[in-house]
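This is a predicted model, so every value here is computed, not measured. Remember, it's 1-based here, ligands and their atoms both numbered in the order they're listed.
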Amino acid sequence: MAQTSIILRVELIHDKVTFGDVAALISKSGGDITSIDVIRPGKESSVRDITVDVTESAEGPIVDSLKQHEGINVINVSDRTFLVHLGGKIEINPRLPIKNRDDLSRVYTPGVARICKAIHEQPEKAFSLSIKRNTVAVISDGTAVLGLGDIGPHAAAPVMEGKAMLFKQLAGVDAFPICLDTKDTEEIIRTIKTISPMFGGINLEDISSPRCFEIETRLINELDIPVFHDDQHGTAVVVVAGLLNALKVVNKNIASIRVVVNGIGAAGVSICKMLLNAGVTRLVPIDRDGAIVRGGSYSQPMWQWLAKQPQVEANEGTLHDLVQGADVFIGVSRGGVLGVEAVKQMAPDRIVFAMANPNPEVDPDEALPHVRVLATGRSDYPNQINNVLVFPGIFRGALDCRARQINEPMKLAAARAIASVVSESELNENYIIPSIFNEQVVLKVRHAVIEAAILTGSARRIPKDFR
Ligand SMILES: NC(=O)c1ccc[n+]([C@@H]2O[C@H](COP(=O)([O-])OP(=O)(O)OC[C@H]3O[C@@H](n4cnc5c(N)ncnc54)[C@H](O)[C@@H]3O)[C@@H](O)[C@H]2O)c1
Ligand SMILES: O=C(O)C[C@H](O)C(=O)O
Ligand SMILES: [Mg+2]
């Protein structure tokens, strides 16, 4: 259940109600008071702001119970999550002020014309004389937004703005959110190619499968800047990083574990591929109609590819049948599809990565007593496996070395770099993956990505610290 935080502004009539009564009502309806501010003290009545952590479903009952109580006047209810979204979360700022005519004639006509001509003569100068070198487009069509599904381009915007904030804060990358009002593969490809001149990289986001595979492959081939579908590869990189460390905690070898991946969409396909590259020998990919089995026949090219891999199991069945005896469950499907009873059927020292957002495949509180290592995509539990550990550092590295593409060796290097941020002595069940606020993450990912880009010939420039 999604957790939120609300601020209740209430007036208390003192001869009818005490603050203790208010606190009891809130707590009885499932709210957790985190702070209280007195806005207006008074003898007969007072006004307070009460900040309360609630699940979305508890918000209504709390407000109703307060309203129904004599002596409590609910003046306002504001949701802190809504408040931070008022007016959007990012803005564009000039890098220098225009203070006089002289400045004006340099940044604008006539001065700017010389810069235009220079770029016209040598197009690669766009990287040094425009925002291109540090700017990434975060592009979605709104069809697979978090685990919310096809909610359209307008509703997708807050996620893309959030990614842009993270790009800037964590890696200094200027990212611009773009939501396209089309689901047509060709139109998406054409549009992205058309707007690409301003950008040094393209981060595709929340585009549903299987269209995301063709869109990404075509753009990689047709553009000379890196194109990276975050939900595929960002997720796969962070999953592999987390799994490498989780296996150390439970003392199991990657070559001997049996791994169930549930949800073979954008994230699931890329995770399966990367797991095979990392050495998994027993893989059970499952989508909503059951397992994708070795030797099976599927219309989706990526599923057909999986059906040809020798490490993919041949047994048909549902998630609940096949999760029995598994060492690892990785969910990138939908909230709540794995009950805790199924978790109990897994092998001892089980590892569960329930990564559907915003609600994981299994309730973390229910699963925790029954697993050795649990990770989710959320920030309110330990072991947050989220692609935010990947995209800022990968693009920082790719932009700094002007990479043509973000290739497999660059992704693997990123996974190892993330895993390495957690030292052997720090590693434990609740700490398999570094915090996104750990500054080592972007630094190490950037470094590893540039090194791999240089070695594989993807880099078009050697950054100063590598010369
Ligand atoms: N934590 C992270 O960093 C992270 C990253 C990417 C995606 N995700 C989450 O993973 C989920 C999938 O994202 P995506 O971009 O791959 O979406 P997607 O739409 O490309 O893929 C989802 C897949 O799950 C399948 N599915 C749906 N219900 C299922 C069920 N009951 N059992 C098995 N499979 C089922 C769909 O058929 C589809 O193939 C979302 O909830 C998303 O928020 C998390
Ligand atoms: O946006 C996130 O938090 C992770 C991921 O990109 C997702 O789509 O769920
Ligand atoms: Mg996403």
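- The residue among Thr235, Thr318, Val145, Val332 with a heavy atom at the shortest distance from atom 6 (C) of ligand 1 is Thr235.
- In terms of protein heavy-atom proximity, atom 21 (O) of ligand 1 is closest to Gly265 CA, 3.3 Å.
- When the options Gln384, Arg334, Gln232 are ranked by their closest heavy atom to atom 27 (C) of ligand 1, first place goes to Arg334.
- Taking CD of Glu408 as the start and CG of Asn277 as the end, the distance is 6.0 Å to the nearest 0.5 Å.
- Not one N or O on the side chain of Thr185 forms a donor-acceptor pair closer than 3.5 Å with the backbone of Arg211.
- Judged by distance alone, the side chain of Arg350 and the main-chain N or O of Met346 form a donor-acceptor pair under 3.5 Å.
- The aromatic rings of Phe228 and His233 are tilted relative to each other, their planes meeting at an angle between 30° and 60°.
- Closest to atom 34 (N) of ligand 1, if we only count protein heavy atoms, is Arg288 N, 3.3 Å.
- Any N or O atom pair closer than 3.5 Å counts here, and Gly377 shares no such pair with ligand 1.
- Residue-to-ligand polar distances place Ile385 within reach of ligand 1: an N/O pair is separated by less than 3.5 Å.
- In terms of protein heavy-atom proximity, atom 8 (N) of ligand 1 is closest to Met355 O, 3.8 Å.
- Ligand 1 has no nitrogen or oxygen under 3.5 angstrom from a nitrogen or oxygen of Trp303.
- Residue Ser209 has at least one N or O atom closer than 3.5 Å to an N or O atom of ligand 1.
- Arg460 places a side-chain N or O within donor-acceptor distance of the main-chain N or O of Arg402, the cut-off being under 3.5 Å.
- Contact annotation: for Asn387 versus ligand 1, heavy atoms closer than 4.0 Å belong to both the backbone and the side chain.
- Regarding atom 32 (N) of ligand 1, its nearest protein heavy-atom neighbour is Asn262 ND2, 3.5 Å.
- Residue contacts with ligand 1, taken as heavy atom pairs separated by less than 4.0 Å, do not involve Leu319 at all.
- Residue Ile286 has no nitrogen or oxygen atom sitting less than 3.5 Å from a nitrogen or oxygen atom of ligand 1, judged on distance alone.
- For ligand 2, the 4.0 Å heavy-atom shell contains residues Leu146, Lys163, Glu205, Asp206, Asp230, Asp231, Asn357, Asn386, Asn387.
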